[in-house]
Every structure is written in C-alpha cells, then in structure tokens.
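One structure below.
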Amino acid sequence: MERFLKWATELGISDFTTTPTTVPSRLQIPHCCVGHSLCVSHFPLAGGRGLAAARDLSQGELILTVPKSALMTSQSLLKDEKLSVAVKRHTSLSSTQILTVCLLAEMSKGKSSWWHPYLMQLPRSYDTLANFSQFEKQALQVDDAIWVTERAILKAELEWKKAIPLMEELKLKPQLQNFRAWLWASSTVSSRTMHIPWDDAGCLCPVGDFYNYAAPGEEPCGWEDLKGARNESSLQNSSFWNKDATNNSDAGQDDVLSQRLTDGGYKEDLAAYCFYARKNYKKGEQVLLSYGTYTNLELLEHYGFLLDENPNDKVFIPLEPEVYASSSWPKDSLYIHQNGKPSFALLSALRLWATPASERRSVGHLVYSGTQLSAENEIFVMGWIAKSCHVVLENLPTSVEEDSLLLCAVDKMQDPNVPMEVGNALRSPGVEFSAFWEVHDLKIGDGNGGLLLSEKARRSMERWKLAVQWRLRHKRILVDCISHCTEIISSLSPTFLGHRGYQS
C-alpha cells in the first residue's frame with residue numbers, strides 16, 4: 001500500500017484541496033496523496049478497505065482530486081501501439097470488452113507496466129453474480145435471482161468468447177486468456193469503473209475506487225425514479241436524481257422529493273475526477289460514495305456485495321394477468337418496499353383490479369390519486385397481498401429461522417477463533433452444509449478446532465453466505481409485508497382477522 005500511495009502522489013492524486021474550484025498545484029501536494037482530508041482504513045463490518053475522514057469534513061467540500069493522466073482508460077492504455085493496432089481490427093467488440101482486454105494486456109506486462117503499483121492493489125477475486133458456481137446460484141432459491149445470475153454468467157461467457165481472437169492476436173499468456181482471467185478483469189471493470197464523458201466503459205480511478213458504497217436517500221425509491229438512474233453501472237454517473245413517492249394509502253401523501261447527489265464526477269475545466277463529501281463527517285468516520293440507486297440483487301450482480309439495510313431494495317410478487325391489464329402502471333413499479341409496505345403503484349393497481357370492471361372507469365381518478373376506495377376494497381387488497389406473500393414463503397426451500405441458523409453456523413466456520421464441532425454445524429442448519437462439503441470434496445472430521453479450507457472453498461463459502469444473506473433479506477421483506485397488511489386489516493375490521501387464510 002505504501003508503494004501504491006507514493007506512486008499515486010507522484011501522479012498528482014491529492015486530498016489536499018484549498019478551494020472547490022482549483023486542483024492543488026505540485027507545490028501544495030504533501031508527501032502522501034492522502035492524510036489531509038482522507039486516510040485509507042479498514043471497516044470489517046462496513047465494506048472492508050475504505051476511506052476514513054482524516055479531519056472533520058463539511059458537506060459539499062472537495063476532498064479528493066484525481067488528474068485525468070492518472071485515470072486508467074481504454075484511451076490511455078491504447079497508447080501502446082501494438083495494442084492499438086490490434087484493437088482497431090476488432091470493431092465488433094464493445095467499449096467494455098476493449099477495456100477488459102486492455103486490462104489483461106497490461107497485467108501481462110508484469111512489473112514493467114507503468115500501472116503495476118495500481119494493478120497489484122486490485123482485488124484478486126470478486127463475488128459478483130457472474131462468478132457464482134451452480135451451488136452458489138441455487139442457494140439464492142428465488143427464481144428471479146437465479147435467472148439474473150444465469151444471465152450474468154452467460155453474458156460473461158459470450159463476451160469472453162468474442163474477445164478470444166483479439167487476445168490470441170496479442171499473444172497474451174494462456175492463463176490470461178482463460179475464462180477465469182476474463183471473469184476477474186470484467187468484474188474489475190464492472191465493480192470499479194467510474195463514469196467519464198468520452199468512453200462508455202468508464203475509467204479505473206486510483207484511490208477514488210477505495211470509496212465504499214452509500215445508498216442514495218433514506219426512503220425507498222418510488223416508481224417515479226428517473227429511468228436508467230438505478231441501472232447506471234459502476235459509478236456510471238456523477239449526479240443521480242432520486243424521487244421518492246410515499247407508499248401509504250392516505251390521500252395527499254404522494255408528494256415527491258427530488259434530490260441531486262453530487263458525490264463526485266469528472267470536471268472538464270479541471271481535467272480531473274473530483275470527489276466531494278456527501279454529508280458532514282467526523283474525524284475517523286468512513287467517507288462513502290453513492291454509486292446510484294440499486295436493489296440488493298443489482299448490487300450483488302454488479303459489485304459483489306449487498307447491504308443489511310438497503311432503502312432501495314424491493315420484492316416482486318406474482319400478480320394476476322388482469323392486474324397488469326386493468327391499470328397503466330409499469331410492471332417494474334409494482335413491488336414491495338424494503339420496509340414491507342406495498343409500493344404506491346402496487347396498491348393503486350390492486351385497488352382498481354379489486355373493483356368490478358363496470359365501475360373502474362368511475363373510480364380511476366381516485367385510485368391514481370392514492371385514495372382508499374372503501375374499507376371492504378382495502379381489506380380485500382391487503383388480504384390478497386398478505387396471502388400472496390405467504391404462498392411465496394411457503395414455496396421456498398427454507399424458512400427465515402433456518403436461514404438465520406445457517407448464517408450463524410457459516411460465521412462460526414469462518415472465524416478461526418471460534419472452535420466448533422463440524423458434526424454439530426452440519427446438523428444444525430440442515431442438508432445445505434452437507435451439499436457444500438460434497439461440492440468441494442471436503443472430508444468431515446469429528447474433532448474440534450477451526451476448519452482449514454482451500455482458497456477456492458473459502459471464496460465459495462463467502463459467495464454462498466452472500467446468497468443466503470440475500471434470500472434471508474428477501475424473505476424478511478415478505479414477512480414484514482404480511483405484518484403490515486395484517487395491521488391495516490386489523491385497523492379496518494378486527495373481526496376479519498379470524499377469517500384470513502394466512503399467518504404472519
């Protein structure tokens with residue numbers, strides 16, 4: 001790390017800023033690129049390596065600048081004439097594929113690469129969905145999540161196969177041409193690049209990519225979110241717009257809050273990537289960066305992590321075809337929020353669907369304004385949602401309680417300071433542990449002590465744990481939704497509870 005920071009300082013990367021409109025001159029830069037505003041630190045329970053405030057920081061304050069010359073882009077890497085000539089002959093490759101090949105080509109240079117100090121501090125492996133094995137994929141349990149994982153894996157395989165002719169022409173080392181190497185490089189691009197105006201693939205930003213993620217907004221995002229904002233990949237926009245719509249059924253509660261997030265972005269006039277404090281920070285506190293609005297599954301797909309409390313997470317439940325046909329709401333707006341409350345659009349669509357077809361036109365304006373049509377209508381809608389959530393939970397292989405026990409057992413296995421009996425670990429969470437052992441051909445002993453796993457098995461266990469964490473959060477949203485709907489029904493008609501066909 002010391003060598004890397006020295007290299008970064010020589011490039012002009014600096015957290016020593018005097019005004020928000022100027023990049024510090026070489027004379028102003030201290031002996032290290034960090035230490036004035038930021039310092040590299042470790043946050044075991046909040047993202048691992050990250051940046052901490054070296055002093056009290058004020059919201060909107062410029063705290064880090066990375067000159068254009070220090071950004072790793074396809075443009076900067078294609079200054080290599082041999083690489084540039086070869087790439088020009090492969091016009092069908094996307095900008096992302098080109099940057100991925102360029103990264104592998106730079107890795108092949110070893111210590112002779114000008115970027116070597118930066119390349120050596122990049123992660124050696126990633127936990128994005130494209131890296132999931134069959135066992136880890138199935139551990140997600142939810143069909144939509146499994147499909148997203150299969151799509152990510154297939155996309156990576158297709159892009160790799162299309163890039164093989166270019167890598168062969170460049171005569172990269174065999175170990176840099178295989179699918180495993182491609183997954184590493186493409187995951188680096190997916191999880192660490194930042195938006196730049198001249199290349200859709202983005203750029204790798206030394207020191208700037210130490211920031212860990214902060215979800216934008218403290219309230220769940222509504223259907224009104226500007227399209228595309230939550231799908232911006234890998235810090236792919238310096239300004240994100242997030243609009244929140246209330247998800248309750250009271251009239252007049254659908255005011256929209258619009259907030260511009262200015263965490264960082266490339267400044268043409270300064271020819272540098274500039275990062276700002278997104279809020280006030282106390283010395284020692286972790287300084288975070290918003291990558292955009294993502295659900296936990298999207299975070300897992302693109303970045304390889306998820307959040308314990310993600311205000312932008314959501315769950316979709318199966319709906320009757322007539323629900324979609326009876327309203328004009330987009331399908332992706334019909335979901336359950338992270339707090340267990342149905343979205344504004346989902347409530348509106350179900351209220352209209354629960355109304356006799358002959359009466360829908362006359363009450364449409366009330367539905368779209370968020371008005372409850374009647375106690376009977378509301379009780380039916382809430383009961384239908386709760387029952388649907390219950391059916392989804394019943395059809396999943398494990399319960400919330402079983403997943404919680406499994407996570408506790410995995411945590412113990414990963415902690416060398418907590419001795420445990422392997423047999424007890426296997427019996428406690430059920431058969432899933434046995435399946436993990438079988439997949440990795442591990443021998444089960446009866447002795448106590450920490451478990452010695454191969455690096456491959458250890459990484460697999462970490463991805464397995466992420467899958468279980470994701471599905472547990474998914475289930476808890478459904479459970480919270482059942483509780484929410486039950487409370488609404490109870491407030492409208494206490495006697496109805498004795499006749500419902502579900503349990504919270």
Side-chain angles (χ1 to χ4, degrees), residues 142 218-223 244-255 308-320 322-324 326-327 329 333-356 359-360 362-396 398-404 471-504:
V142 179
E218 297 181 352
E219 296 297 327
C221 298
W223 66 273
D244 295 340
T246 57
N247 55 8
N248 59 42
S249 55
D250 295 331
Q253 294 298 310
D254 55 344
D255 293 335
D308 286 332
E309 296 294 333
N310 184 353
N312 303 301
D313 209 8
K314 60 187 67 169
V315 169
F316 293 87
I317 57 175
L319 300 175
E320 300 290 343
E322 192 181 349
V323 175
Y324 300 113
S326 63
S327 72
W329 295 104
S333 68
L334 308 176
Y335 57 84
I336 299 169
H337 284 292
Q338 179 258 358
N339 60 9
K341 296 181 179 180
S343 69
F344 182 92
L346 179 58
L347 278 180
S348 298
L350 290 174
R351 285 168 181 160
L352 195 61
W353 169 67
T355 302
E359 300 175 17
R360 289 173 185 169
S362 63
V363 300
H365 66 289
L366 296 175
V367 167
Y368 286 103
S369 69
T371 303
Q372 290 185 16
L373 299 182
S374 67
E376 183 182 11
N377 178 278
E378 199 70 7
I379 288 172
F380 175 85
V381 167
M382 291 297 170
W384 188 92
I385 294 174
K387 187 173 182 179
S388 297
C389 291
H390 180 72
V391 169
V392 172
L393 288 168
E394 284 291 298
N395 287 332
L396 293 174
T398 56
S399 66
V400 167
E401 293 75 17
E402 289 169 328
D403 288 347
S404 298
R471 79 194 194 203
L472 177 57
R473 285 162 179 75
H474 184 90
K475 293 169 188 176
R476 281 177 173 162
I477 292 176
L478 293 171
V479 170
D480 288 344
C481 185
I482 292 174
S483 297
H484 170 74
C485 292
T486 301
E487 290 175 7
I488 298 298
I489 293 171
S490 179
S491 68
L492 293 172
S493 175
T495 59
F496 183 85
L497 289 176
H499 304 286
R500 72 181 190 266
Y502 56 88
Q503 299 291 327
S504 61

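Remember, predicted model here, so these are calculated numbers, not experimental data.
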* Asked: How long is the gap from CG on L346 to NZ on K341, to the nearest 0.5 Å?
  -> 14.5 Å
* **Closest contact, heavy atoms only, I317 versus C389** => CG2-SG, 4.2 Å
* Structure fact -> On a heavy-atom basis, the closest approach of S326 and A349 is OG-O, 4.2 Å
* To do: Rounded to the nearest 0.5 Å, what's the gap from CD1 on I336 to NE2 on H484? Could you check?
  => 9.5 Å
* Structure fact -> For R351 and T371, the nearest pair of non-hydrogen atoms, with its separation, is NH1-O, 3.9 Å
* Nearest heavy-atom neighbours spanning I477 and H337 -> CG2-O, 3.3 Å
* Please work out which of the three classes, parallel, tilted or perpendicular, describes the rings of W353 and F380, given edges at 30° and 60°. => tilted
* Asked: From F316 CZ over to S343 OG, what is the distance, rounded to the nearest 0.5 angstrom?
  -> 8.0 Å
* How long is the gap from CG on L334 to NZ on K314, to the nearest 0.5 Å? -> 10.5 Å
* Asked: Under 3.5 Å, is there a donor-acceptor pair between the side chain of N377 and the main chain of L373?
  -> no
* Asked: What heavy-atom pair brings V392 and L478 nearest, and what distance separates the two atoms?
  -> CG1-CD1, 3.6 Å
* So do W384 and L350 actually touch side chain to side chain, heavy atoms under 4.5 Å? -> yes
* To do: First locate atom CD of E401, then atom CG of L472, and finally report the distance between them rounded to the nearest 0.5 Å.
  => 9.5 Å
* Mind running salt bridge (Lys or Arg N to Asp or Glu O under 4.0 Å) on E309 and R476 for me, showing each step along the way? => CA-CA 11 Å; E309 296 294 333; R476 281 177 173 162; over 6 Å; no
* Structure fact -> To the nearest 0.5 Å, atom CD1 of I482 lies from atom NZ of K387 at 12.0 Å
* Exercise: do S399 and K475 side chains pair donor with acceptor under 3.5 Å -> no
* Check S348 against W329 and note the closest heavy-atom contact, atom names and distance. => CB-NE1, 3.4 Å
* Asked: Taking S404 for the side chain and V400 for the main chain, is one N or O donor matched with an acceptor at less than 3.5 Å?
  -> yes
